[in-house]
Colleague: 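I have a structure here, written as structure tokens, and I will follow up with some questions on it.
Labels below follow one simple rule: chain letters A, B, ... track the order of the sequence lines, proteins then strands, and each chain is numbered from 1.
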Number of protein chains: 2
Amino acid sequence: MKTKQYVDAARGKTPLDLKIVNAKVVNVFNDSISPGDIGILGRRIVCVGDLKDHPAKEVLDADGRYALPGFVDSHMHVESSMLTPVNFAKVVLTNGTTSCAADPHEIGNVMGFAGVKALIEASKDLPPHIYYYAPSTIPSAPGFEDSGFVVGAKETETFLNMEGIYGLGEVMDFNGVANGEEHILSVVETAKRHGTILDGHLPGLTGFPLQAYRASGIDSDHTVNTPEKVLEDLSLGFTCQAHGANLSPELIRVMEEAPVSNRLCLCTDDVSLTTLFHQGHLNYVVEKAISLGLDPLKAIRFATINPADRMRLYDTGAIAPGRMADIQLVEDLCHPKPDTVLSEGRIVVRDGAFLPDLPSYPFPEEVYHTMKIAPLKEEDFRTEIDIPEDRDGTALVNVIRLTDIVFRTLPGQREMPFTSRGDGKGLLDYRGLTKLTIFNRHGKDQHAFGFVEDLGDVQGAVAITYSHDSHNLSVYGDNDSDMAAAANAVIEAGGGFAAVQDGKVLSLVPLPVAGLLTEEDPETMLAASDGFCEACRKMGFPLDNPIHFFTFLPLAVSLSIRCTDKGLIDVVHKEMLPLVAGIRYED
Amino acid sequence: MKTKQYVDAARGKTPLDLKIVNAKVVNVFNDSISPGDIGILGRRIVCVGDLKDHPAKEVLDADGRYALPGFVDSHMHVESSMLTPVNFAKVVLTNGTTSCAADPHEIGNVMGFAGVKALIEASKDLPPHIYYYAPSTIPSAPGFEDSGFVVGAKETETFLNMEGIYGLGEVMDFNGVANGEEHILSVVETAKRHGTILDGHLPGLTGFPLQAYRASGIDSDHTVNTPEKVLEDLSLGFTCQAHGANLSPELIRVMEEAPVSNRLCLCTDDVSLTTLFHQGHLNYVVEKAISLGLDPLKAIRFATINPADRMRLYDTGAIAPGRMADIQLVEDLCHPKPDTVLSEGRIVVRDGAFLPDLPSYPFPEEVYHTMKIAPLKEEDFRTEIDIPEDRDGTALVNVIRLTDIVFRTLPGQREMPFTSRGDGKGLLDYRGLTKLTIFNRHGKDQHAFGFVEDLGDVQGAVAITYSHDSHNLSVYGDNDSDMAAAANAVIEAGGGFAAVQDGKVLSLVPLPVAGLLTEEDPETMLAASDGFCEACRKMGFPLDNPIHFFTFLPLAVSLSIRCTDKGLIDVVHKEMLPLVAGIRYED
């Protein structure tokens, strides 16, 4: 479109392509709402106000609804939905998100360049606009896990030269950065040479380590979860991106009262398909923020122009001339669920229904072959420990304890009896705990065990290949036979998750694309996921959201104790923990 | 500097290069002031707070003074100072300005690429950081004046590919943009293809023409001069850059109360050397804004982080880790005149004195040869009009009337007797008015006349080559003989300004660099300028700031009537006005 066409249409000299009339237009530049119309030509808004004298080819009556800018999500991961981009697009657009900054580090962990490239290709020309960032921290905890790829300076250089890459994704090795470790700093330095956006991930970092992290050049934090952290981050010039799970009345009060608020954003980070369907996307975070006390206009600002500014999208995030026509019409400002959504001037959602018939992207064959692991046997799951003397006894075992805080675990120790097998090995009796076995699925013969307390009286096993961030094969259960069966079910499916009880597969949800994504449509996938969750509950897992739980438990950069294919990790002290802390023999 | 060095110094593991202790640190991210220290390594700040345990090679005691970020001027012109960059640097740094967005359109009008390039070269490696923008509107009023260069799409392309160019300078042909005129839109489109910053200039533009201007992609306005204009501009997402002359209590109230304020800036635009010395630079605008009611912390924010954000300088404008160590220490927050200034970590001003011994830039020879006009004769100034009949009579003449508003003129008409010369020409008797003659000095044989009312009873003449924006040779006076003498004095000097009375040169201030700049040091130039102003007053010009007046009167994009080398212009209606509106013969 020529600039002259925009100018002429703004003046009413030539017809608009589309005129939205009778709207309550939300202005994020002055926190106001004005009745009026919106004039659109091509992909852009060209005028706003009383447009009765502006000719238009098409008119859309907003019928008094609020017109908001499409939401802009400044930190998220497409893969969290377990949907391919085309299906992800449908679900988020019906929730009003029209732009995302996506760190494709899930598929990057599995497949490296090829995976990221496939995701970029699969997102091309889609509404919404998905701006991919180069994954910076693969594996997320170097030395503590093995994934299918390793990112260093060289790989970062390649990523940043890749078409469709807009920044450096969350630098998760925050201790590495703050401690001046060469490997991760070489990644950061490479991105700095490109002059690109540098996104952070720095939970709990404070004081001079926090300042050191900021001094490295990285200037956003989507892990803010306390008022104090928001205030300290803001004072250093970080953009604070609060995601839904971290919102609290206290945190919201700080966001509401900030005297300078343009570096405050709302974001989604990881949103599962279940959450997407039952709660929403960024609109749910906005709604939650408002319900916790944030002024609705501020909440909208924090989810539109602020993230657009953060992402250096100078023509996005507002309803004003010159901006992209990414617009949503909503009935209730405090529950922004749009019935109409425009992306780049095109109506993509009407009466809540997704309109475009988007072609599926033909993924390259290699994405379907990422389970680089042979079928497993029951014995592979046996938790035997080395015992110097061939006698029965009791082992003091380091275990993972759960807390009320999502994703937060605590280290614990439990005594477990063991039976000598007469060959220097003792078989642990872990009754009352759930066993977790993580197998490297990227071609390395490596696995490790952990035990999880507080998961109740489970009967059966679950296996899953979507397992942050290395996406190794994680298997949870109370017996080795079901664990092997569950593992083999997902290996055979090319990835996915399965629930097995008494040798019977209760649920199998394949994730053939990199072991992370389904190509099924969202509704089919939701039904399958629901079936899996139902099976988990039947097996005794006392979890509200089993998929969420299983995918996040191995995340080796979250507090406080985690299990990977290399073993147990004390995340706080950045050290491996032995499974067995001590042995006592029977008298 | 390696990132690791910043990180280690921030942690106190390795010594800082410089530690500023005992400061009241102004934080522009949360509008706060905290007692503390500032740690600097190389060019950057790496930590802030209580740094008593941080080793440092050098310590600077702020002695309780406020530490502010260096001021960032998002719209200005270096040439306004009539100083070369190296001398400009001295004066603005002693006033606390450490970064500027400079539109070199003065020298661009005179010399095109060569002039802009010379200015960029002359500014290289200087403190402050001068970010040059490509001049977009040369001549400022195409068709209504001839300067030494013409900017179109092709020239813009060349400018934007020039090293040291950071954006598109103020697009002054605002009516051209809003009316969809191809020439200026092709310039804008070229810059849009480069994805660069697009700066505006749109005085008085409102309603749909204003929206059309915004729809073109340009998104800043440094001409805001009323509360209504600020509110309307802001509502459309313009960055509003208020310069000192436009500040009023009403305008300040709107800036103070804006619910979203990150697109509000203070700027200087054109600051003469006299103003620089007697009032200051951006610090004076800040001071004035505060005195008119703006919260001091907001005023500082509007002159630091906000313009830095506007200029996409992501590491400038704040005292925080990762930011450039551009810092000033001031005694009084409401009168920010720094005694110490750091630019990129280097102390450049101490006890108010400029420290570095900066080398003068050797300009290329061509900058000294821009007076492309032969010496003038008295007859060249004779105001003869065409008369159909060879009789004496009275002409109705269009004249320029002055107003109380700076730079604002109004059209007027005056009757002037004329004497027939018997050859179809009548000689005007313009007693009581001042004659203005503008000669093209860029090689085109073209000149025009105007008459200025309200300049009192002048005796003598003034000639000047710094004459916005075409910088033609402007000569003001009450008699042709002195006018010719003044003109010839500046022609011979290679440009500059001169005052002549009764054939005697009272003052001559050469501006040999492009007829715009002196290479003298600031103090010498100030004394010379003061001498010229004194001479003007002696000659009867009733002007507070004669240089300012003479340089701006021909500006063909300012309201309402102007005179250029092509004649009188009605700026409002964008049309030429004849000098003579009618003729009446004596009975």
Colleague: Relative to each other, are the rings of B/Phe174 and B/His201 parallel, tilted or perpendicular (30° and 60° limits)?
Modeller: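 The rings of B/Phe174 and B/His201 sit tilted, inter-plane angle from 30° to 60°.
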
Colleague: Looking at chain B, which one of A/Leu51, A/Val48, A/Val188 has the largest number of heavy-atom pairs inside 4.5 Å, strictly under?
Modeller: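 When all of A/Leu51, A/Val48, A/Val188 are compared, A/Val48 has the most.
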
Colleague: Verify the distance criterion only: is there a donor paired with an acceptor across the side chains of A/Ser220 and A/Asp199 at less than 3.5 Å?
Modeller: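 Yes, side-chain donor-acceptor contact under 3.5 Å.
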
Colleague: Given a strict heavy-atom distance threshold of 4.5 Å, which part of B/Asp50 is in contact with chain A: side chain, backbone, both, or neither?
Modeller: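 For B/Asp50, the contact with chain A is made by the backbone alone.
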
Colleague: Under 4.0 Å between a side-chain nitrogen and a carboxylate oxygen: does that hold for B/Lys574 and B/Asp173?
Modeller: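 Yes, B/Lys574 and B/Asp173 are salt-bridged.
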
Colleague: Can you say whether A/Asn30 sits under 4.5 Å from chain B via the side chain, the backbone, both, or neither, judging by heavy atoms?
Modeller: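 Both backbone and side chain of A/Asn30 come within 4.5 Å of chain B.
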
Colleague: Stepwise, does the side-chain hydrogen bond (donor to acceptor under 3.5 Å, both in side chains) test hold for B/Glu157 with B/Thr190?
Modeller: CA-CA 6 Å; B/Glu157 184 67 33; B/Thr190 303; 5.0 Å; no

Colleague: May I ask you to name which of A/His54, A/Arg312, A/Glu182 has the most heavy-atom pairs under 4.5 Å with chain B?
Modeller: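 Among the listed options, the one with the most contacts to chain B is A/Arg312.
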
Colleague: Please determine, among B/Leu297, B/Leu236, B/Asp315, the option with the most heavy-atom pairs under 4.5 Å with chain A.
Modeller: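 Heavy-atom pairs under 4.5 Å are most numerous for B/Leu236.
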
Colleague: Any Lys/Arg nitrogen of B/Lys2 or B/Asp8 sitting under 4.0 Å from an Asp/Glu carboxylate oxygen of the other?
Modeller: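 Judged by the 4.0 Å cut-off on N to carboxylate O distance, B/Lys2 and B/Asp8 do not form a salt bridge.
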
Colleague: Tell me, out of B/Pro209, B/Ala320, B/Ala10, who's got the most heavy-atom pairs with chain A below 4.5 Å.
Modeller: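 Of B/Pro209, B/Ala320, B/Ala10, B/Pro209 has the most heavy-atom pairs under 4.5 Å with chain A.
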
Colleague: Using every non-hydrogen atom in the two residues, find where A/Phe238 and A/Arg263 come nearest and quote the distance to one decimal.
Modeller: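 In terms of heavy atoms, the two residues are closest at O-CB, 3.9 Å.
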
Colleague: So, does A/Ser235 use its side chain to make a donor-acceptor pair with the main chain of B/Phe29 at under 3.5 Å?
Modeller: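 Checking the backbone N and O of B/Phe29 against the side chain of A/Ser235, no donor-acceptor pair under 3.5 Å is found.
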
Colleague: Counting only non-hydrogen atoms closer than 4.5 Å, does A/Asn306 touch chain B with its backbone (N, CA, C, O), its side chain (CB onward), both, or neither?
Modeller: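 Neither part, no heavy atoms under 4.5 Å.
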
Colleague: Pick whichever of A/Ser186, A/Gly217, A/Ala9, A/Ala178 has the most heavy-atom pairs under 4.5 Å with chain B.
Modeller: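 Most heavy-atom pairs within the cutoff with chain B belong to A/Ala178.
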
Colleague: Heavy-atom cut-off 4.5 Å, strictly under: side chain, backbone, both or neither for A/Arg214 against chain B?
Modeller: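 It is both, since atoms from each part get that close.
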
Colleague: Counting heavy-atom pairs under 4.5 Å to chain B, which of A/Gly322, A/Cys47, A/Pro321 comes out on top?
Modeller: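 Of the options given, most contacts go to A/Pro321.
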
Colleague: Give me the one residue out of A/Val7, A/Thr14, A/Asp17 that meets side-chain contact (heavy atoms from CB on, under 4.5 Å) with A/Leu41.
Modeller: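 The side-chain contact (heavy atoms from CB on, under 4.5 Å) with A/Leu41 is passed solely by A/Asp17 among A/Val7, A/Thr14, A/Asp17.
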
Colleague: For A/Ile218, which atoms come within 4.5 Å of any heavy atom of chain B: side chain, backbone, both, or neither?
Modeller: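 It is neither, since no heavy atom gets under 4.5 Å.
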
Colleague: When you measure from the side chain of A/Arg44 to the backbone of A/Ala325, do you find a donor-acceptor pair of N or O atoms at a distance under 3.5 Å?
Modeller: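 Side chain of A/Arg44 to backbone of A/Ala325: no pair is present.
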
Colleague: Please classify the contact between B/Ile305 and chain A as side chain, backbone, both or neither, with a heavy-atom cut-off of under 4.5 Å.
Modeller: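 Side chain of B/Ile305 only, per the 4.5 Å heavy-atom cut-off to chain A.
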
Colleague: Check each atom of A/Gln5 against the heavy atoms of chain B and say whether the ones under 4.5 Å are side chain, backbone, both or neither.
Modeller: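 For A/Gln5, there is no contact with chain B at all, as no heavy atom is under 4.5 Å.
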
Colleague: Under a 4.5 Å heavy-atom cutoff, which of A/Lys13, A/Arg301, A/Lys298 has the most pairs with chain B?
Modeller: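 The candidate making the most pairs under 4.5 Å is A/Arg301.
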
Colleague: Flag the one option from B/Ile45, B/Asn179, B/Val177 with the top tally of heavy-atom pairs under 4.5 Å to chain A.
Modeller: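 Top count of heavy-atom pairs under 4.5 Å with chain A: B/Asn179.
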
Colleague: In plain terms, say whether B/Asp219 and B/Arg310 are close enough for a salt bridge, that is, a side-chain N and a carboxylate O under 4.0 Å apart.
Modeller: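 Looking at B/Asp219 and B/Arg310, the cut-off is met.
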
Colleague: Return the option, out of A/Lys4, A/Arg11, A/Lys192, with the maximum number of heavy-atom pairs under 4.5 Å with chain B.
Modeller: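 Highest number of pairs under 4.5 Å: A/Arg11.
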
